[in-house]
Amino acid sequence: MTFSPSTRTGLSAGAALLLLAALAIVPRFVQSPYALHVLILIFLSTIMGQAWNILGGYTGQYSVGHAAYFGVGAYVTVSLMLHRQIAPWVGMWAGAAAVVVVALVIGSICFRLRGPYFVLASIAVTEIMRLVATNLKDLTNGAEGILATEIPPLKFGATVITDFGSKVPFYYIGLGLAVLTILVTWAVTHSKLGYCFQAIREDQDAAHSLGINPTLYKNIALAISAVLTSFAGAFYAIYVGFVDPPTVLGLDLSVQIVLICIIGGIGTIQGPMVGACILVPLSEILRSNAVPELLMKWGWMNGESGIGLFLKENLAHAHVLIYGILVVLVILYMPEGLVGFLRRVTRGRRAA
Amino acid sequence: MAILVIEHVSKFFGGLAANSDVSFSMEEGSIMGLIGPNGAGKTTLFNCITGYYPPSKGVIWFEGRKMNGLQPDKVCKLGMARTWQKVRPLAKMTVLDNVVVGALARTNSLRVAREMAMAQLEVVRLHGKAGFLAGGLPIGERKKLEVARVLATGPKLLLLDEVMGGLNPAESEEIIQLILDIRTRGLTQMVIEHDMKAIMRISDRIVVLNSGEKLAEGSPDEVVNNQDVVDAYLGESHAED
Amino acid sequence: MDVFLQSLISGILLGGVYALIGTGLTLIFGVMRVINFAHGDIQMVGMYLTYLLFVHAGIDPFVSVLITFPLMFLFGGLIQKVFINRVLDALPQNQILLTIGLGLIMSNTAMLIFTSDYKILTTSYSSGSVKLGGISISQPMTISFLITVAVTAALWWFLKKTDTGQAIRATAQDRDAAQLMGINVKRMSIIAFGLGSSLVATAGALIAPTYYIYPQVGAAFTLKAFVITVLGGMGSIVGAALGGIIIGISESMGAAYIGAGWKDVVVFALFLLVLLLKPSGLMGKSNA
Amino acid sequence: MKRTLVTMALALGLSGTAWSQALKIGVINSMSGPEAPIGENLTNGIKLAEEDLKKKGILLQIVWEDDTGKPQIAMSAMEKLATRDGVAGIVGPYTSACANAVSKLAERYKTPLLVPAAAKEEITRQGLKYVFRMNAPADVYAAVLVDAATGLGKPKTIAFMYENTDFGTSTTKTAKEYVAKKGIQVVADEPYPKGAQDYRSTLSVIKSKNPDLVFLVSYVADAILIMRQSKEVGLKPQAFLGGGAGYTTAQFATEKAVSNFVFSCTQWTDDVSWPGAKDFGKRYKAKFGKEPTYHAACAYESMMVMADCAQKAKGDKEQTQAALRAGKWNGIMGDVKFEDYNGFTNQNNHQMLVQQLFDGNYETVFPAKFATRKPTYPFPGWK
């Protein structure tokens, strides 16, 4: 069966709406805060991954320094909320404005470089920001970080819409931001911008000769990507209620962001979602020793036996190891990510 | 009227002169062949004209406008478009999308750009492969795609860098017809080519470069009969065959 | 004045070890154009090896280099052959992630084996020093500096004078051309990765008596190695040596005159400056 | 008997019912990632507690959660423990950042959280009813050390050198406030990034200021490096004051050439007269092959206290909280009672100790009632 492109778009739009509707009613049926929390983390990862995807996936600029934008978004929003009593949904726009300035400065440095040099420069700039945030205690409270657990209630006029007493408002904000990021990505890829971005990714010199100003478009891609990343940062800061330099400006975070896309499928709109849906639950499962627990529960393993004790003791410690092994396997066997891999498989089947 | 005027253009890399003191001009609607042995500075001159390198000395005029220091994207928007000696398809985009990228130099509307792109694909007879990934095309079709892509940018002057390189005779003939076809639409073309028979057939005038300098200029007949050219270039070219 | 001289001397001695770390990375990058994010983790493996040899066989860390060097050569060569080799033509971000993954595997395996305790090697000379006027010169760091000089000189000789060395250099200059010239590029890559690993592991062994060992020790060194390598010019041995010393001195001066918390800012700023002004590095060729 | 039953139940795959008889207590700790080296001590302490409780007939099911040192992961762990696993109470997290991030969740889910060893003051200063802390917070570290020094001599100047982490900066911040009250002048303030190899230039800057006291806050390995290099550059104040962590470890003590006469403050030591402390040290060493740190002791006692309360409350969270509020214990951490004072809520007003190293041995020298030896002051110089 084959569809015309428009029918296919219509079908996937329909599927997306269905999924969205299903996600919108999840809190009615899922009471477990833990389940909601995991979903919120998936949204957060989707936002981060999708935002990176615009610059890294579509424009081909592999920034390993997106923590810079995440961190600035987080710090600005939390600081404004704490010191100026500015509500986070207002403060995040101030964060976005600050991030655009930061992004243009970083862009003016990094976009002069290509390939591995660009990657290294993006790391260096972000490390400088982390170190500055650690040292400028007056501005950021240094390594002690900023604790912000009191969130002003969201009011519409005099009516309080939510006081953030449960996970549910965060769930909807996360979902809303994720949808926003996906819509922005969709709009970008279906516009002149998307064509210019991809042309730069494929061949910067050729794109240049076709009337595309690479510096301009790379900076546009960076600005969009950075602003969306800063929203993720602001959301994180409000949700977790604590920011400090290593968690919101660290190299770990930058790598994590790239990983979401690469595992899912770089330069595709589904990639970051798929990546987030895999990585978040996976790290939860590995981290919380669920594997040996389940094995015991199902009676496949004796908790007091040698193997059982060994697994119980070590699996929780080994989760980063397993994570590392997965990364290596994906890169070696699914270099286009899961989405790319599935496409190849289905295409192969169609051809056959 | 001269559409392009090259005045005493030189380009140095370190101490090495890739072009030195090259001057010539092109009439609107004409085809100029640019020939010379390997390393004569043909592609460097292309790069200078299209803004990839600023010339070290001299001036490039396009439609009465000084082009020195303009970036390639600006050059393209002013109406000069080039192809690449080694084809540069946007590999992971479709054939149509490749041409759409070119058309977007003229319009901001995707719908219009698609129509324009489709029209150009028809010109080069690639419309049947619009949905294929550009990276998967055979070399002959890649060359045609490259031409369609630059045509879509709506140029007044086309600079074609060895569009027949690596093609079989039948494919070359197709390209020759394409070039002649484009001329009938009033476009000016500068063609770098190694195939002497082809270049003699299509060019109105020919400029010969050797070691970065202009060795000769004239009609195909004049150039063929120029003793310097025969010594410096044709001789070597025959020896190669 | 004492502060200045003390910082200068410490910076130079420290820079020696950095130079060795940078040399290892530059060799790998030069030949394969792969940014090795597992570089520091390979150093960590070398450090644990040194630790084992010291604790269980009583071999002095400086002497153990003779064992660590060949073992880590095999280790690095194996990693290249099994993993890196398969992504040589892949997208740069995939190469980066692969090496990050390998680094995670190494550091977390080390954690399972050795726990995450800090291991400290205390030798008779660990805190030994020579007083020179108002300043003190660390004895173990002076020895390690001298060994670094010797290793670098030997490497330089190997690359210039031996056939294999020349083949490695040719590969670094132009992989495709080297292949056409009949050089076994794959073999050169394995040798380069092996050598790069040996060098960084040697650096690990040399700092073992004055530093400490834990599974995540490599991370900071990986970043430093990038900075040194780019500073000196990717692929340039002399550049890496120079870059190492420069970084050593700027860290030490930065700590003394701006504040220890800012010294890495100084290093990264220097790095960006070089990237922007002379992207090919201090000793790199301008077209590289 | 109970144990056999459980084993049998497990073998039969009936774990669900069998486990429900055991008390469920959650642990959030940094078991991997950059904080793992210290986190491991807490893990060990809790394992020892689990054994001891088993001997007492209290069967625990400990649900281990690794926060990898990241606040958002700690939150995941907290959500899971509080809402899915249904634990009676939680011991952890280790780091201040993680403890801060989960404290409000503990309150929301009405799940008692006993923080064993995080130093940041704010954790128990938010008025949260369900958040308890075993160890003394950061301000005590500085106060007890400076008190000891001013009691022994008349220091007029002090230099600070500390790692620029949460622990280092918050400890130093309170220390600076405290010395200002005592009229001691700060002549150097040098935060450093942990994990550096070369502290010589910073130390020579400090040496040039000639301070009476040098106050250091570092983790294990940096502490040894800094003291080695202090000796190298010939830094010689009246006293080196080590603010916890790295200066109180067995590893540090064994570096006799550089550790001699260094003062340090600690939450716990095995030579103190608190009941069971010595025995704990011995058994810990036998089981894990190394000396316990105060983190291990704090975590051990936290688990003992939490298990005691949870058992009295039969696993009910609110009653466990009430039991924590009301209870009083006297174990390896001395007297434990969670009180409200000076803006703290549910804070164990723990007595910190000052020790001095004599030839590789820690001896408690302050406060006088716990002292086992007379301190040596001023620092007699390097050998």
Side-chain angles (χ1 to χ4, degrees), chain A residues 56-57 60-64 106 108-110 112-121 123-132 134-137 142-143 251-252 255 258-259 261-263 266-267 313-314 317-337, chain C residues 29 33-35 37-38 41 82-83 86-87 89-112 115-116 215-216 219-220 222-223 226-227 229-230 234 258-273 275-277 279-281:
Chain A
Q61 308 301 310
Y62 309 113
S63 155
V64 188
I106 293 183
S108 71
I109 297 171
C110 295
R112 292 163 188 234
L113 306 161
R114 292 196 198 179
Y117 296 97
F118 174 83
V119 173
L120 293 178
I123 294 176
V125 174
T126 311
E127 278 294 290
I128 288 180
M129 295 196 48
R130 180 180 66 80
L131 293 164
V132 168
T134 312
N135 286 304
L136 287 184
K137 290 188 194 118
L251 181 59
D252 272 5
V255 171
V258 182
L259 210 57
C261 280
I262 302 223
I263 301 282
I266 193 168
E313 291 283 305
N314 289 310
H317 288 271
H319 65 96
V320 188
L321 175 64
I322 296 171
Y323 202 79
I325 293 173
L326 280 175
V327 170
V328 169
L329 290 179
V330 165
I331 297 290
L332 290 183
Y333 296 103
M334 295 181 202
E336 322 99 316
Chain C
F29 182 84
R33 293 286 180 274
V34 168
I35 310 183
F37 270 79
D41 296 295
V82 178
F83 300 103
R86 305 173 58 166
V87 295
D89 298 317
L91 295 169
Q93 77 271 18
N94 283 15
Q95 297 173 339
I96 290 173
L97 278 181
L98 178 73
T99 55
I100 288 177
L102 289 173
L104 283 179
I105 294 176
M106 285 180 218
S107 56
N108 284 280
T109 308
M111 196 172 99
L112 281 185
T115 75
S116 40
Q216 282 87 20
T222 304
L223 276 188
F226 293 153
V227 174
T229 312
V230 171
M234 288 260 196
I258 307 175
W262 290 98
K263 67 179 182 156
D264 287 335
V265 177
V266 175
V267 169
F268 284 119
L270 194 69
F271 169 72
L272 286 177
L273 217 62
L275 264 186
L276 291 177
L277 299 180
S280 51

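So you know, we letter chains A, B, ... as the sequences are listed, proteins then strands, and number each from 1. Since the structure is predicted, the reported quantities are computational estimates derived from the model, not experimental observations.
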Using side-chain heavy atoms (C-beta onward) and a distance below 4.5 Å, is [X] in contact with [Y]?
| X | Y | result |
| --- | --- | --- |
| C:Leu223 | A:Leu251 | yes |
| A:Leu321 | C:Leu104 | no |
| C:Ile96 | A:Tyr62 | no |
| A:Leu120 | C:Phe271 | yes |
| A:Val327 | C:Leu98 | no |

- [ ] Determine the option with the most heavy-atom pairs under 4.5 angstrom with chain A, choosing from C:Thr109, C:Leu276, C:Ile100, C:Val87.
- [x] C:Leu276
TODO: Go through C:Val230, C:Val34, C:Val265 and name the one with the most non-hydrogen pairs under 4.5 angstrom from chain A.
DONE: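 Looking at each option in turn, the highest pair count goes to C:Val265.
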Side chain / backbone / both / neither for [X] at chain C, heavy atoms under 4.5 Å:
| X | value |
| --- | --- |
| A:Ile325 | both |
| A:Val119 | side chain |
| A:Tyr333 | side chain |
| A:Leu326 | neither |
| A:Val132 | both |

[X] versus [Y], closest heavy-atom pair with distance:
| X | Y | result |
| --- | --- | --- |
| C:Gly261 | A:Asn135 | O-ND2, 2.8 Å |
| A:Pro116 | C:Ile35 | CB-CD1, 3.2 Å |
| C:Leu275 | A:Ala121 | CD1-CB, 3.7 Å |
| A:Ile331 | C:Asn94 | CG2-O, 3.5 Å |

- [ ] Heavy atoms only, distances under 4.5 angstrom: which of A:Leu113, A:Val328, A:Val258, A:Ile123 has the most pairs with chain C? Name it, please.
- [x] A:Val328
TODO: Nearest 0.5 Å please: distance from the CZ atom of A:Arg112 over to the CG atom of C:Leu272.
DONE: 11.0 Å
- [ ] Against chain A, label C:Phe83 side chain, backbone, both or neither, depending on which of its atoms sit under 4.5 Å from a heavy atom there.
- [x]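 Contact with chain A is through both the backbone and side chain of C:Phe83.
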